[in-house]
Asks: 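Sharing a structure with you now.
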Protein chains: 2
Amino acid sequence: MEDVAAAAGVSRSSVSRVFLGQGKVSDATRARVFAIAEQLGYVPNIMASELASRGSSVVGLLLRDAANPAYGLLFTKLQEAAHEAGITLISMTISSDLRGSRQIDSLNRLMGMRVAGLIVATGGVTSAQLEPFRDRIPIIRAGRPEESGRIHAVSYDERISARALAAHVADQGHRSVAVIVTQEHASYPEYIRATGMAAELAARGVRIVPVPAVEFTDGADEAVDLVRRREVTAVMCPSDLRALHLLRRLDAAGLSAPGDVSVSGCDGILPGIDLLGLTSYRIGVERLAERTIANIAALIGDEPPQRIVRELIAGRLLSGATVAPPLEQEPR
Amino acid sequence: MEDVAAAAGVSRSSVSRVFLGQGKVSDATRARVFAIAEQLGYVPNIMASELASRGSSVVGLLLRDAANPAYGLLFTKLQEAAHEAGITLISMTISSDLRGSRQIDSLNRLMGMRVAGLIVATGGVTSAQLEPFRDRIPIIRAGRPEESGRIHAVSYDERISARALAAHVADQGHRSVAVIVTQEHASYPEYIRATGMAAELAARGVRIVPVPAVEFTDGADEAVDLVRRREVTAVMCPSDLRALHLLRRLDAAGLSAPGDVSVSGCDGILPGIDLLGLTSYRIGVERLAERTIANIAALIGDEPPQRIVRELIAGRLLSGATVAPPLEQEPR
DNA sequence: CTGAAAGCGCTTACAG
DNA sequence: CTGAAAGCGCTTACAG
């Protein structure tokens, strides 16, 4: 900056004003400074700038495994929305198979960078861990149910999706259905979905066989057994990835959907899901990203909202070929 | 920091040393400082720290649309490898449908943050645009052929993958094959793949019908026509997403693979690709991420390698059901 | 419209 | 092992 100022024959103050685009600067000076800067390849040091101005325009994003299509799309949409809102997002990913310590690590790193706000799109960080920073900067949970009630959140409406899927399966005439229930501690969203599905099925008088699961591959073989023994005519999975795995195991067992059993997933993001014909629920990623950015922008803005943000985003049912009326048993 | 120092009864220098873990500090002081810091919720300001030490440990990552499974996985794997190498990655995504200006924007922002190095995983930034920063910080292109020869690169070996796929199709007995050729300016990697496929087919005496494409959906309907007119018995696509789209169009036309035509893609990342039975080539994302991080670590390290890094990463053929011998025509 | 000077939160020789 | 002081690259009142 010193060099630019010298070459342009002005003070550092003026160079600063030119780049900030604020304060009064003559057109001549402005043009000269820009020209020299361009020529010298000068790019202002954002760190120094923010340090001096005590302001930060960057928002931190704590993301889960972007290899998961649902998180990858969310990431992309958040970036897009942020860019449009003039917000720079800096992100760190947490692999889903890594435990707590590393997530905290990332959280601290982001805090150390003095981000103006934080978007948490992973369940790996608990509300309790967020709490100490809560009155330091605005924090918003994105895409995941937030229990505490003290942290802002824009979440998918898992209850609606669970109900829509369960209603669809029940409407096809299934009277005995297996539901793969991810344990609460393993994946809270999946847990909510699964219990929501079970509740809706129960309300419709459908018999439910819960299949507990923790790991991604859990429950599939057990479900296959249930199908073999003709105990159920449909299996509901709390995510598309789990449904895919079930389809693989069914295939290995010489069974298929919907011929031998109806299968449903949830997410609806996977490219090619239409070709597979998987019945699912397309979560509203785009809208969620939009609302998350709109809220964080307001929260880090001049007049932050007084109340805790708490929005629910709905999606839409994707009715595919893998769910059909049960064949032999239970004629209607 | 001042507060922590005061509360601990030491100077800021000592607090600094404790957090940097360098220099001699008595165990008593260390313990006291950590305790107070914890209690006060003090997290060192990384920006200030780096400004003062003139060093940066963060590496910038310019990524393409993470919603694309291939980029999403790359992103995740890069993060993992970086974390293991003690490198903090800060990333900005570029939506594939946004043009130049925004990419430069992100590039400047990253430079403004004074990152220690840069990983460019998008073709949207040209070598020429990178050139001005080339002698400022180490820059490495990841996952994409880099033409300039002046920028470090760890790329997928697109020629190998193209050849493997083409050889596989030819080996099945196809003698007339359509190849969807993405134009060079639209997607360079796809262009390299397509021309590589065509070259290998030609070398094996197979007749080639090139179908030019720019947009993601281009070429599919033309390919369907070729199949209808029995001009080709196979269609090779330069990416799985294009292959998926072709399968959709075939389906809409009442045709299917491999019954009416063999279809191949390339990438092999998509979850569920096995269920679809798509013949593809699984690119070596994990290894590429590993090598990229290893190289950037060396480049920003004490003794950077003298020569331009130029590595090629191979993957493996995924032979699926969508490629089979041609049925009626061309009996062997 | 412009410049000199203080200060942002740290690190780092340099003395002790 | 520890502290005082200068400095990192900027911004921002405050004077002019």
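Lettering follows sequence order; numbering is per chain, from 1. Excluded from the calculations below are hydrogen atoms, water molecules and symmetry mates; all remaining heavy atoms, backbone and side chain alike, are included. Quantities reported herein were computed from a predicted structural model and do not represent experimental measurements.
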Asks: Contact class for L20(A) (heavy atom, under 4.0 Å): base, sugar-phosphate, or nothing?
Replies: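 Sugar-phosphate, no base atom in range.
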Asks: Rounding to a whole Å, what distance do you find between M1(A):CE and dC8(D):P?
Replies: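 Nearest whole value for this atom pair: 14 Å.
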Asks: Would you say a side-chain N or O of S49(A) is under 4.0 Å from OP1 or OP2 of dC10(D)?
Replies: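 For dC10(D), neither OP1 nor OP2 has a side-chain N or O of S49(A) closer than 4.0 Å.
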Asks: Assign F19(B) to base, sugar-phosphate, or nothing according to its heavy-atom contacts below 4.0 angstrom with the strands shown.
Replies: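 Touches nothing.
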Asks: If the P atom of dC14(C) is compared with that of dC10(C), how far apart are they to the nearest Å?
Replies: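 Each nucleotide's P atom is 24 Å from the other's.
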Asks: Of the candidate nucleotides dT2(C), dG3(D), dC10(D), which contains the atom at the shortest distance from the side chain of N45(A)?
Replies: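 So the nucleotide nearest the side chain must be dC10(D).
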Asks: When both hydrogen-bonding distances must be under 3.5 Å and the geometry is Watson-Crick or G-U wobble, what is dG16(D) paired with, if anything?
Replies: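 WC or wobble partner is dC1(C).
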Asks: Using a cut-off of 4.0 Å on non-hydrogen atoms, how would the nucleic acid contact of V15(B) be classed: base, sugar-phosphate, or nothing?
Replies: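 If one applies the 4.0 Å heavy-atom cut-off, V15(B) turns out to touch nothing in the nucleic acid.
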Asks: Rounded to the nearest 0.5 Å, what separation is found between the CG atom of L63(A) and the CZ atom of F75(A)?
Replies: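 Nearest 0.5 Å value for the CG-CZ distance: 6.5 Å.
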Asks: Measure distances between side-chain N and O atoms of S13(A) and base N and O atoms of dA4(C), and say whether any donor-acceptor pair falls under 3.5 Å.
Replies: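 Donor-acceptor pair under 3.5 Å: yes.
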Asks: Just how far, in rounded Å, is C1' of dC8(C) from CZ of R114(A)?
Replies: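 Value for this atom pair: 12 Å.
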Asks: Hey, is E131(B) close enough to R150(B) for a salt bridge, meaning N to O under 4.0 Å?
Replies: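 Yes, charged N to carboxylate O under 4.0 Å.
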Asks: Is the base of dG3(C) touched by the side chain of R17(A) through a donor-acceptor pair closer than 3.5 angstrom?
Replies: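 Checked by distance alone, the answer is yes.
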